[in-house]
*Asks:* 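Okay, handing you the structure first.
Residues take their numbers from the sequence shown, with the count starting at 1.
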Amino acid sequence: MSRRLVPMAGLVIAGTVLLAGCTATGGAAGIAGSGASPDWGVTAEQAPAGGGGAEPAEGSAAHDAGAGDTGAAGLPGAAVEDRAVIVTGSVEMRASEPLRVADAVSDAAEERGGTIDRRAEGASTDFEPAWAILTVRVPAAEVEAMLDALRGLADVTTLDLGEEVVTNQVRDLEVRVNASRASVERLTELLTTAADTETLLEVEAQLTQRTAELESLLSQQRDLAERVSMSTIEVQISSTTVQGPTGTPSFWDGLVAGWQGLLAWGATFLYGLGQSMPALVVLAVVGLIAWLVLRRILQRMPSRASAVDGTVVGNPVASSRSAAEPAAR
């Protein structure tokens, strides 16, 4: 009896093992077919509604939201941050009437919310054509529209446009401003609770220093924000005319230019002479005084004998004076 039970027990055990294997295989297939993913730390807010693993349809709001939350590294929740950019450039233009085009450029900038920070111009002369230079400030969003307007006003020969990314500077200034403002607030609170005069004076000194630092940081922040929001474009307008309106200079033009140069040289000489006249008068007076003193000294010097041949060397000034005195008598 026991020998018959042993084979039966073996069959029962083998059937149990096979049944367990089939059950495990079916369970794994069911998990794979359900589309469930392992838990990678996704919170309940990030999981799809209803617990299903189906991906949102392309173009749906959920799909767009998921795409917007993916940063440069492809990580969920890493939002794309705004870039702070300073746009600067220069434009060279050629027109038959540069001054009229300069007025049109100014009007185009004002229509787009911009300003003209600097304007320099020169009218046409016999030897130089007209020209104009403008420094245009327009909002960053209106740069392309402003360039299109410039192309429609005259021929654009050169265009140079550049960008400077200052996102890190904006963040750094914001952090420093917040820290400085918090420090000023803490010092203000300490100022109201100072126990003695020494502590009060020390807190006031620190508060004055931190307030000055905060004002400086705020000024830098405003300047940087203004440079980011308003782009700068340097516009140079030259004339299409190579020579002046009268054409090639003639002999009369050269004669007139020479006469004007002579008058200018004479005026410069007279100006220098007048400027040096006070100094010349002072030098003449000093020289006259020195000559009179020297003459007086020579008149008082007596005649002296020469040590070589015993001849008498007279004073010419004294001799002439002595000879003049009998004649006067």
Side-chain angles (χ1 to χ4, degrees), residues 41 43 45-46 65 67-91 105-106 108-120 133-147 149-150 159-236:
T43 61
E45 292 78 2
Q46 295 174 340
D69 291 339
T70 303
L75 299 177
V80 179
E81 300 181 359
D82 296 335
R83 296 170 67 247
V85 179
I86 299 176
V87 179
T88 56
S90 62
V91 177
V105 171
S106 178
E110 293 178 358
E111 290 175 0
R112 289 161 179 80
T115 59
I116 303 297
D117 283 3
R118 173 179 172 267
R119 177 170 178 171
I133 300 177
L134 297 90
T135 302
V136 181
R137 301 291 303 279
V138 293
E142 298 291 336
V143 172
E144 292 297 333
M146 187 64 193
L147 294 178
L150 294 178
L159 172 61
D160 185 9
L161 199 65
E163 295 182 353
E164 179 185 359
V165 181
V166 291
T167 307
N168 294 333
Q169 299 181 22
V170 171
R171 295 176 185 169
D172 180 65
L173 277 176
E174 184 177 359
V175 171
R176 293 170 63 187
V177 165
N178 293 335
S180 182
R181 184 178 286 112
S183 177
V184 169
E185 293 177 356
R186 287 194 300 268
L187 289 174
T188 304
E189 294 177 358
L190 290 175
L191 189 64
T192 59
T193 59
D196 52 5
T197 305
E198 183 179 357
T199 305
L200 179 63
L201 294 177
E202 184 177 357
V203 172
E204 284 183 349
Q206 291 291 333
L207 181 60
T208 302
Q209 181 180 358
R210 298 298 173 83
T211 303
E213 294 176 358
L214 177 59
E215 292 297 332
S216 176
L217 292 175
L218 289 175
S219 177
Q220 297 178 25
Q221 192 177 43
R222 288 191 296 267
D223 178 70
L224 187 60
E226 196 271 339
R227 291 169 58 195
V228 170
S229 61
M230 299 292 290
S231 301
T232 304
I233 302 176
E234 190 82 8
V235 180
Q236 300 182 8

*Asks:* Ignoring hydrogens and angles, tell me if any N or O in the side chain of S183 forms a donor-acceptor pair with the backbone of A179 under 3.5 Å.
*Replies:*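 No, because the side chain of S183 does not come within donor-acceptor range (under 3.5 Å) of the backbone of A179.
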
*Asks:* Look at the side chain of S216 and the backbone N and O of A212, then say whether any donor-acceptor pair between them is shorter than 3.5 Å.
*Replies:*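 Absent.
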
*Asks:* I need the R227 CZ to R137 CZ distance, nearest 0.5 Å.
*Replies:*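 Nearest 0.5 Å value for the CZ-CZ distance: 9.0 Å.
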
*Asks:* Would you mind listing every side-chain hydrogen bond (donor to acceptor under 3.5 Å, both in side chains) that reaches into residues 191-208, with sequence neighbours excluded?
*Replies:*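 Pairs touching residues 191-208 that pass the test: D196-T199.
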
*Asks:* For residues T88 and I233, determine if any side-chain heavy atom of one lies less than 4.5 Å from a side-chain heavy atom of the other.
*Replies:*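 Side chain of T88 against side chain of I233, heavy atoms only: no contact under 4.5 Å found.
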
*Asks:* So, the side chain of S180 versus the backbone of R176: is there a donor-acceptor pair under 3.5 Å, distance only?
*Replies:*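 Checked: no pair found.
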
*Asks:* Taking the side chain as every heavy atom from C-beta outward, state whether M230 and P139 have any pair of such atoms under 4.5 Å apart.
*Replies:*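 With C-beta onward as the side chain, the pair touches.
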
*Asks:* Do L217 and R181 touch side chain to side chain, with heavy atoms closer than 4.5 Å?
*Replies:*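 Not in contact.
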
*Asks:* Does some side-chain heavy atom of L200 sit less than 4.5 Å from a side-chain heavy atom of L191?
*Replies:*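 In short, these two side chains touch, coming nearer than 4.5 Å.
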
*Asks:* Is there side-chain contact between R118 and I133, with at least one heavy-atom pair below 4.5 Å?
*Replies:*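 Side chain of R118 against side chain of I133, heavy atoms only: contact under 4.5 Å found.
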
*Asks:* If you compare all heavy atoms of V105 against all heavy atoms of M146, which two are closest, and at what distance to 0.1 Å?
*Replies:*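 Between these two residues, the closest heavy atoms are O-CE, 3.7 Å.
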
*Asks:* Any non-hydrogen side-chain atom of T232 less than 4.5 Å from a side-chain atom of I86?
*Replies:*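 A side-chain contact is absent here, since even the closest heavy-atom pair is not under 4.5 Å.
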
*Asks:* V136 and V91: side-chain contact (heavy atoms from CB on, under 4.5 Å), yes or no, with the steps?
*Replies:* CA-CA 10 Å; V136 181; V91 177; over 6 Å; no

*Asks:* Taking all heavy atoms of Q221 and all of V177, pick out the closest pair and write down the distance.
*Replies:*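 Heavy-atom minimum between the residues: OE1-CG2, 3.9 Å.
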
*Asks:* Would you call V165 and R83 a side-chain contact if the rule is heavy atoms closer than 4.5 Å?
*Replies:*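 Yes. Closest side-chain heavy atoms under 4.5 Å.
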
*Asks:* Donor-acceptor check, side chain of D223 to backbone of S219, threshold 3.5 angstrom: yes or no?
*Replies:*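 Answer holds: no.
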
*Asks:* Taking salt bridge (charged side-chain N to carboxylate O under 4.0 Å, His left out) as the definition, give me every residue that meets it alongside R222, ordered by chain and number, with sequence neighbours left out.
*Replies:*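 Residues passing salt bridge (charged side-chain N to carboxylate O under 4.0 Å, His left out) with R222: none at all.
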
*Asks:* To the nearest 0.5 Å, tell me how far L173 CG sits from Q169 CD.
*Replies:*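 Answer rounded to 0.5 Å: 7.5 Å.
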
*Asks:* How far apart are the closest heavy atoms of V203 and L187, and which atoms are they?
*Replies:*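 Heavy-atom minimum between the residues: CG1-O, 3.5 Å.
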
*Asks:* Hey, could you give me the CG/CD distance between L161 and E144, rounded to the nearest 0.5 Å?
*Replies:*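 Result: 7.0 Å between the selected atoms.
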
